[in-house]
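Just so it is clear, the model here is predicted, and its values are computed rather than measured. Note: hydrogens, waters and symmetry copies are ignored here, and every other heavy atom, side chains too, is used.
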Amino acid sequence: MKERFTRLFEYNLWANGQLAESLRVNPIENDKVFKLTSHLANAQVIWLDRVQGQSSTVGVWDEYSQKETLELLERSSQDWLDFLYSAEDLEEVIEYKNSKGQTYVSRIEDILNHVVNHGTHHRAQVMLLLRQENIDPPSLDFIFYVRS
């Protein structure tokens with residue numbers, strides 16, 4: 001199971017890196033692109049903080065400069081991989097509070113699935129916004145990662 005999740009988060013790092021590079025080299029007019037990208041990065045930080053039993057230092061919808069957003073996106077993607085490389089029990093159940101202060105209990109493996117799916121969802125939204133600006137977004141399907 002650990003190998004499966006490590007592979008998914010290696011893909012997540014790759015996909016977020018490809019997206020970040022596209023956002024660096026193209027002129028972006030729609031503010032929603034960086035709002036969604038900031039949210040994606042924040043969510044990665046928040047969920048890793050929860051898994052590690054820490055209070056989060058970012059808010060769900062905090063926004064940053066383009067440079068800060070892309071750095072956080074790439075750094076948080078690598079942080080997840082670093083966590084997985086050293087993780088021992090992905091079936092462990094943890095208790096955490098959401099951004100509204102409600103307490104939940106979840107298995108780490110369910111959180112891992114959520115983080116990867118959440119990232120795919122918001123990358124797709126960003127890519128649609130890029131297409132609306134006549135920017136050809138990178139191909140981020142998992143199979144493109146496997147082929148690279």
Between Ser38 and Thr69, is there a side-chain donor-acceptor contact under 3.5 Å, judged purely by atom types and distance? yes
Give me the ring orientation class for His118 and His114: parallel if the planes are under 30° apart, tilted from 30 to 60°, perpendicular past 60°. tilted
Quick check against the 3.5 Å criterion: does Asp62 have a side-chain atom that pairs as donor or acceptor with the backbone of Gly59? yes
To the closest 0.5 Å, what do you measure between CD (Gln78) and CD (Glu10)? 9.0 Å
Does Gln102 CD have over 12 foreign heavy atoms under 6.0 Å away? yes
Looking at OG of Ser76 and CD of Glu71, how far apart are the two atoms once the value is rounded to the nearest 0.5 Å? 11.5 Å
Shared hydrophobic cluster, Leu40 / Ile28 (ILVMFWY, side-chain heavy atoms < 4.5 Å): no
Glu63 with Lys32: basic N within carboxylate O range, under 4.0 Å: no
Show the nearest heavy-atom pair for residues Ala20 and Glu74, with the distance to one decimal. CB-OE2, 3.7 Å
Measuring only between side-chain heavy atoms, which start at C-beta, is Val45 closer than 4.5 Å to Ser56? yes
Between Asn26 and Ser22, is there a donor-acceptor pair closer than 3.5 Å when you use the side chain of the first and the backbone of the second? yes
Can you find a pair of side-chain heavy atoms, one from Val126 and one from His122, that are under 4.5 Å apart? no
Are Ile135 and Arg131 close enough that some pair of their side-chain heavy atoms sits under 4.5 Å apart? no
Indicate yes or no for a side-chain donor-acceptor contact from Lys2 to the backbone of Glu88 under 3.5 Å, with no hydrogens or angles considered. no
Does Lys67 reach the side chain of Arg24, with side-chain heavy atoms less than 4.5 Å apart? no
Examine distances only and state if a side-chain atom of Glu133 and a backbone atom of Asn30 form a donor-acceptor pair shorter than 3.5 Å. yes
Given the rule that I, L, V, M, F, W and Y join up when any side-chain heavy atoms are under 4.5 Å apart, are Tyr85 and Val115 in one cluster? yes
Geometric class of the Tyr145/Phe142 ring pair [parallel <30°, tilted 30-60°, perpendicular >60°]: tilted
Answer with yes or no after comparing the ring centroid distance for Tyr96 and Trp47 against a 6.0 Å cut-off, counting only values under it. yes
Applying side chain to side chain contact (heavy atoms under 4.5 Å, CB included) to Arg123 and Leu36, what does each step give before you reach the verdict? CA-CA 8 Å; Arg123 282 190 300 270; Leu36 287 169; over 6 Å; no
When the ring planes of His39 and Trp61 are compared, do they come out parallel, tilted or perpendicular, using 30° and 60° as the limits? parallel
Side chain to side chain contact (heavy atoms under 4.5 Å, CB included) assessment of Leu129 paired with Lys35: CA-CA 12 Å; Leu129 294 173; Lys35 181 175 184 157; over 6 Å; no
Is there a donor-acceptor contact under 3.5 Å from the side chain of Gln66 to the main chain of Leu23? yes
Counting only N and O atoms by type, is there a donor-acceptor contact under 3.5 Å from the side chain of Glu68 to the main-chain atoms of Ser65? yes
Shortest non-hydrogen separation from Val93 to Arg107 and the atoms involved: CG2-CG, 3.7 Å
If you measure from CZ on Phe9 to CG on Asp79, what distance do you get to the nearest 0.5 Å? 11.5 Å
So which heavy atom on Thr37 is nearest to which on Val33, and how close? OG1-O, 2.7 Å
Does any N or O in the side chain of Asp141 come within less than 3.5 Å of the main-chain N or O of Phe144, such that one atom is a donor and the other an acceptor? no
Measuring from Leu112:CG to Leu8:CG, what's the distance to the nearest 0.5 Å? 9.0 Å
Would Tyr11 and Ile143 show up in the same hydrophobic cluster when neighbours are defined by side-chain heavy atoms closer than 4.5 Å? yes
With rounding to the nearest 0.5 angstrom, report the OG to CD1 distance, Ser106 to Ile94. 6.5 Å
So, for Trp14 and Ser148, which heavy atoms are closest and what is the spacing to 0.1 Å? NE1-OG, 3.7 Å
Assess whether atom CD of Glu3 is packed by more than 12 heavy atoms of other residues, nucleotides or ligands within 6.0 Å. no
Does any part of the side chain of Gln44, heavy atoms only, come nearer than 4.5 Å to the side chain of Leu73, both counted from C-beta? yes
When you look at Glu109 and Asn113, which way does the side-chain hydrogen bond (donor to acceptor under 3.5 Å, both in side chains) test go after all the steps? CA-CA 6 Å; Glu109 64 183 311; Asn113 280 312; 5.7 Å; no
Less than 4.5 Å apart, side chain to side chain, heavy atoms only: is that true for Trp80 and Asn12? no
Is any side-chain heavy atom of Leu84 less than 4.5 Å from a side-chain heavy atom of Leu90? yes
Considering all heavy atoms, the nearest Met127-Pro138 contact: CE-O, 3.3 Å
For Glu91 and Met1, what are the C-alpha separation, side-chain angles and deciding distance, and is it a side chain to side chain contact (heavy atoms under 4.5 Å, CB included)? CA-CA 9 Å; Glu91 294 179 12; Met1 176 174 31; 3.2 Å; yes
Non-hydrogen side-chain atoms of Leu140 and Asn16 separated by less than 4.5 Å: no
Could you state whether Leu70 and Val25 fall into the same hydrophobic cluster, counting links through intermediate Ile, Leu, Val, Met, Phe, Trp or Tyr residues with side-chain heavy atoms under 4.5 angstrom apart? no
Identify whether Leu19 and Leu128 are in the same connected component of the hydrophobic contact network (ILVMFWY, side-chain heavy atoms under 4.5 Å). no
Ser99 side, atom OG; Ile46 side, atom CD1 - distance, nearest 0.5 Å: 7.0 Å
Please walk me through it: do Tyr104 and Glu95 pass side chain to side chain contact (heavy atoms under 4.5 Å, CB included)? CA-CA 6 Å; Tyr104 291 93; Glu95 183 176 295; over 6 Å; no
Checking Asn42 side chain against Val58 main chain: does a donor-acceptor pair fall under 3.5 Å? no
Is the number of heavy atoms from other residues, nucleotides or ligands within 6.0 Å of CG (Asp89) greater than 12? yes
